[in-house]
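We name chains A, B, ... by the order of the sequence lines, and we start the count at 1 in each one. Note: hydrogens, waters and symmetry copies are ignored here, and every other heavy atom, side chains too, is used.
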Amino acid sequence: MSADPTPPPAWHGDVRRARDEQATLATRVRLRDDFPRPLRTLAGFDVGFEDSGAITRAAAVLLDAATLAPLATRVARLPTTMPYIPGLLSFRELPALITALRALPATPDLCFIDGHGIAHPRRLGIAAHFGIVSGLPSLGVAKKKLVGKHAELHEMRGAFTPLRDTSKGLPGEQIGWALRSKPGCLPLFVSPGHRVSMASAPELVMQFVTRYRLPEPTRLADRLASRRGAMPACDSAALADAGLPMTPLATEE
DNA sequence: GCGACAG
DNA sequence: ATCTTGTCGC
């Protein structure tokens, strides 16, 4: 048995140290598609808070990639250890997210994270960090941009345009995409996390967008993390079909 | 010094 | 993220 090669981030109250750690880990991000085709299972992740922020609540939802049927859901609650600091989001939320991931009955082929992938000052947004720590293919789906600029976006569903980091001059390297997942809605900011290419990111997201702005994996995790609405019933038969463990589909909350 | 600033 | 009612548009 070997120890976890990459432990979840630990906050030591030192912003500069955390930034250095991000720069180092960003070195290990791989932007090449490296996941099963066709995709069998997907997982969506998001975080919410309880007790005025004292408790960090991470939600994970495993779905069947072919039908988008929920196969399992998990919620992990951990004491909140640091405040929100732009650019250091993963140090605050990743421990809970990894806990939720490990509680899933099966390992997902691709992980959708609420937040940015490499569209980050040091190219290690929470989705990229999640990929490095877990070793799994991941991509980021954010509702607002953290850094970068992009041209005007067409109103048509599915339209996308590059998001580039212009902080070091024009044109600037591409760090992600602004994606019109739904007409009449603000665009989504999509970027590769780990083991996913820049070119595939928009398609991977649109492939799982139905009638809402957010793709199903993230949309469902969002509701579970924020304790809103109800989760569609999990399909135990599908979980079995997928050749996954016959773990009881305990749906928390 | 003045904005920008994932969740 | 979270606190919250009504309101605008398809």
Side-chain angles (χ1 to χ4, degrees), chain A residues 8-9 11 15 18-19 22 25-26 29 44-60 75-100 111-133 138-150 155-157 163-168 172 175-194 201 205 210-215 217-229:
Chain A
W11 176 241
V15 172
R19 288 178 177 158
Q22 293 182 319
L25 290 175
V29 169
F45 298 83
D46 189 24
V47 169
F49 295 88
E50 301 176 8
D51 298 296
S52 303
I55 298 297
T56 298
R57 175 195 172 90
V75 171
R77 297 184 183 70
L78 275 67
T80 301
T81 61
M82 73 173 277
Y84 164 67
I85 298 176
L88 298 184
L89 181 66
S90 60
F91 283 78
R92 173 174 159 88
E93 306 186 343
L94 206 47
L97 288 176
I98 294 300
T99 298
C111 302
F112 287 62
I113 316 296
D114 188 300
H116 294 285
I118 62 170
H120 176 278
R122 290 164 294 283
R123 309 294 180 266
L124 197 83
I126 191 165
H129 202 158
F130 179 103
I132 292 301
V133 171
S138 66
L139 72 81
V141 181
K143 295 180 286 298
K144 296 188 297 187
K145 75 179 179 68
L146 173 59
V147 293
K149 298 292 183 185
H150 67 83
E155 199 53 52
M156 172 185 270
R157 173 197 151 102
L163 174 67
R164 354 185 73 99
D165 181 350
T166 59
S167 66
K168 295 176 181 173
I175 56 178
W177 306 89
L179 170 68
R180 186 80 70 188
S181 57
K182 177 178 179 177
C185 285
L186 291 173
L188 244 34
F189 294 91
V190 179
S191 58
H194 185 48
V205 171
T210 60
R211 60 180 303 195
Y212 308 94
R213 179 162 82 123
L214 299 177
T218 291
R219 189 179 75 80
L220 295 178
D222 221 71
R223 304 185 56 169
L224 188 55
S226 301
R227 28 173 56 187
R228 280 174 290 157

Looking across every strand, which nucleic acid part, if any, lies under 4.0 Å from [X] by heavy atom: base, sugar-phosphate, or nothing?
| X | answer |
| --- | --- |
| A/G53 | nothing |
| A/I126 | base |
| A/L88 | base |

Over all heavy atoms of both residues, which pair between [X] and [Y] is shortest? Give the atoms and the distance, please.
| X | Y | answer |
| --- | --- | --- |
| A/F189 | A/H116 | CB-CE1, 3.6 Å |
| A/L163 | A/G148 | CD1-C, 3.7 Å |
| A/G87 | A/H120 | O-NE2, 2.8 Å |
| A/P8 | A/I98 | CG-CG2, 4.3 Å |

Round to the nearest Å and state the distance from [X] atom [atom1] to [N] atom [atom2].
| X | N | atom1 | atom2 | result |
| --- | --- | --- | --- | --- |
| A/L94 | B/dG7 | CG | P | 16 Å |
| A/R57 | C/dA1 | CZ | C1' | 13 Å |
| A/R92 | C/dA1 | CZ | C1' | 7 Å |
| A/F91 | B/dG7 | CZ | P | 18 Å |
| A/H120 | B/dG7 | NE2 | C1' | 12 Å |
| A/L89 | B/dG7 | CG | P | 8 Å |
| A/K144 | B/dA6 | NZ | C1' | 8 Å |
| A/H150 | B/dA6 | NE2 | P | 14 Å |

TODO: Using both pair distances under 3.5 Å as the test, note the stems of at least 3 consecutive Watson-Crick or G-U pairs that include DNA chain B.
DONE: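 Correct response: none, since no qualifying run exists.
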TODO: Please name the residue in the list A/K143, A/K144, A/R223 that meets the salt bridge (charged side-chain N to carboxylate O under 4.0 Å, His left out) test with A/D114.
DONE: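 Running salt bridge (charged side-chain N to carboxylate O under 4.0 Å, His left out) over A/K143, A/K144, A/R223 with A/D114 returns exactly one hit, A/K143.
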Task: Sub-4.5 Å side-chain heavy-atom contact between A/I85 and A/W11 - done: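 Yes, at least one pair of side-chain atoms sits under 4.5 Å.
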Anything under 3.5 Å between a protein N or O and an N or O of nucleotides 2-5 of chain C, put it in a table, one pair a line.
| unit_1 | atom_1 | unit_2 | atom_2 | d |
| --- | --- | --- | --- | --- |
| C/dT2 | OP1 | A/F49 | N | 3.4 |

Which donor-acceptor pairs under 3.5 Å do the side chains of residues 124-131 of chain A make with protein atoms, sequence neighbours left out?
| unit_1 | atom_1 | unit_2 | atom_2 | d |
| --- | --- | --- | --- | --- |
| A/H129 | ND1 | A/S90 | OG | 2.8 |

Task: Nearest to side-chain heavy atoms of A/K145, which nucleotide of B/dC5, B/dA6, B/dG7 - done: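 Given the options B/dC5, B/dA6, B/dG7, the side chain of A/K145 is closest to B/dC5.
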- [ ] Could you tell me whether the phosphate oxygens of B/dG7, OP1 or OP2, come under 4.0 Å of any side-chain nitrogen or oxygen in A/K143?
- [x]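 Yes, because at least one side-chain N or O of A/K143 sits under 4.0 Å from OP1 or OP2 of B/dG7.
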Open item on the list: Using a 3.5 Å distance criterion without hydrogens, assess whether the side chain of A/E155 forms a donor-acceptor pair with backbone atoms of A/P183.
Closed with: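 Flag not set: sc A/E155 to bb A/P183 has no pair under 3.5 Å.
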Open item on the list: Name the residue from A/T218, A/V205, A/I118 that meets the side chain to side chain contact (heavy atoms under 4.5 Å, CB included) definition with A/L139.
Closed with: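 For A/L139, the side chain to side chain contact (heavy atoms under 4.5 Å, CB included) check succeeds only for A/V205.
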TODO: Tell me whether A/Y84 is stacked on the nucleobase of B/dG7, counting only the six-membered base ring and applying the 5.5 Å and 30° thresholds.
DONE: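 Yes; by the centre-distance and plane-angle rule, A/Y84 counts as stacking on B/dG7.
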